[in-house]
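Just follow the structure's listing: the first ligand is 1, and inside any ligand the first atom is 1.
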Amino acid sequence: EQLRAIVRAMPKAELHIHIEGSLEPELIFALAERNGVSLAYESVEHLRSAYAFTDLQSFLDIYYAGASVLLKEQDFHDMTQAYLQRAQADNVLHTEIFFDPQTHTARGVAIADVINGIYRACQDSPVSASLILCFLRHLSEKEAFDTLEEALPYRDKFIGIGLDSSEVGNPPEKFSRVFARCRELGLRLVAHAGEEGPPAYIRTALDDLQVERIDHGVRCLEDAELTARLAREQIALTVCPLSNTKLRVFDQMHDHNLAELLAAGLLVTVNSDDPAYFGGYMNDNYDAIFEALPLGLAHARQLSRNGFIAAFLPQAQKDAFL
Ligand code: ADE
Ligand code: ZN
């Protein structure tokens with residue numbers, strides 16, 4: 001229908017995409033072959049059929065296994081180039097890409113190869129792209145500090161710091177000191193919070209880590225005072241609809257609270273999270289919410305604008321996109 005066509009053609013900014021989550025099964029098999037890595041699945045179809053998740057951890061186990069085929073700088077480049085081409089097809093004009101260096105350095109991959117490969121693909125793409133280095137929250141504060149130290153020679157190649165992986169039991173405040181150091185270094189700060197974890201994790205992400213955006217944050221509505229604060233301060237939430245249904249944060253798209261988040265005056269953005277695992281890129285996420293939820297043209301325009309408003313770009317560049 002007409003709304004769907006308008007939504008698909010709108011200019012978009014993507015602010016929540018894990019580059020390792022853009023690795024399609026076909027590319028996993030091609031890289032496994034190229035690098036002589038053996039996989040626990042005999043075919044692309046077998047691998048894809050394992051993508052039946054019950055919660056965040058069941059996804060993360062498969063996501064980290066998929067990333068094991070990434071060994072060389074060229075692998076990181078090729079993965080990122082494929083994502084950027086796919087994003088461009090969905091009219092994504094600007095993207096802020098998460099990467100998880102610890103997933104790779106733990107396997108002996110040099111952080112230089114991770115960062116340089118991803119960065120080179122961004123440089124060569126017509127899509128505006130920035131990088132956000134994420135710490136894995138199931139690992140220790142010490143390991144995050146060590147990773148920051150290793151990444152500092154490449155400080156000019158990333159703009160910010162994020163926090164991802166297993167949320168429940170690993171609250172934001174575990175990383176207060178390393179985030180304080182990142183803030184001193186002039187890095188922009190974000191954190192996953194309120195995906196599976198409670199609203200209290202959104203509060204400590206704001207108060208202890210001093211993040212500027214909350215990744216997911218959908219559980220904020222359980223806390224009216226927190227919701228009012230997020231609206232008042234216009235803290236962006238990078239919401240990922242297909243991720244939320246695949247990981248059973250909501251049973252069905254019809255149950256997703258995105259329309260309520262917008263109605264509460266929150267700065268909601270739409271994003272793909274791990275598109276190769278969750279069944280779609282940006283336009284698939286937009287299609288899914290506009291099919292299932294009571295949203296119209298005004299919401300579509302608001303969601304598109306919000307992505308640019310919440311982007312870590314100079315105002316003049318945002319204005320050029322808006
Ligand atoms: N890593 C990749 N995707 C993630 C998500 N949705 N939540 C936490 N960690 C992640
Ligand atoms: Zn995420």
Checklist outcome for this item: Arg305 meets the salt bridge (Lys or Arg N to Asp or Glu O under 4.0 Å) criterion, sequence neighbours left out, with none

How many angstroms lie between atom [atom1] of [X] and atom [atom2] of [Y], to the nearest 0.5 angstrom?
X      : Y      : atom1 : atom2 : answer
Leu187 : Cys182 : CG    : SG    : 5.5 Å
Asp75  : Leu31  : CG    : CG    : 5.0 Å
Tyr201 : His216 : OH    : NE2   : 15.0 Å
Gln88  : Thr95  : CD    : OG1   : 12.0 Å

Next on the checklist: Assess whether a salt bridge exists between Glu141 and Arg177, defined as any Lys/Arg side-chain N lying under 4.0 Å from an Asp/Glu carboxylate O.
Outcome noted: yes

Item to check | Carboxylate-amine/guanidinium contact Glu24 Arg48, below 4.0 Å | outcome: yes

Checklist outcome for this item: Residues with a heavy atom under 4.0 Å from ligand 1, by chain and number, are His18, Leu56, Phe59, Leu60, Tyr63, Asp164, Ser165, His192, Glu195, His216, Asp273, Asp274

Checklist outcome for this item: salt bridge (Lys or Arg N to Asp or Glu O under 4.0 Å) pairs touching residues 113-128, sequence neighbours excluded, are Glu73-Arg120

Checklist entry - Does Phe312 have Lys318 sitting over its ring (NZ/CZ under 6.0 Å from centre, angle to axis within 45°)? => result no

Checklist outcome for this item: So the protein N/O/S atoms within less than 2.8 Å of the Zn ion (ligand 2) come down to His16 NE2, His18 NE2, His192 NE2, Asp273 OD1

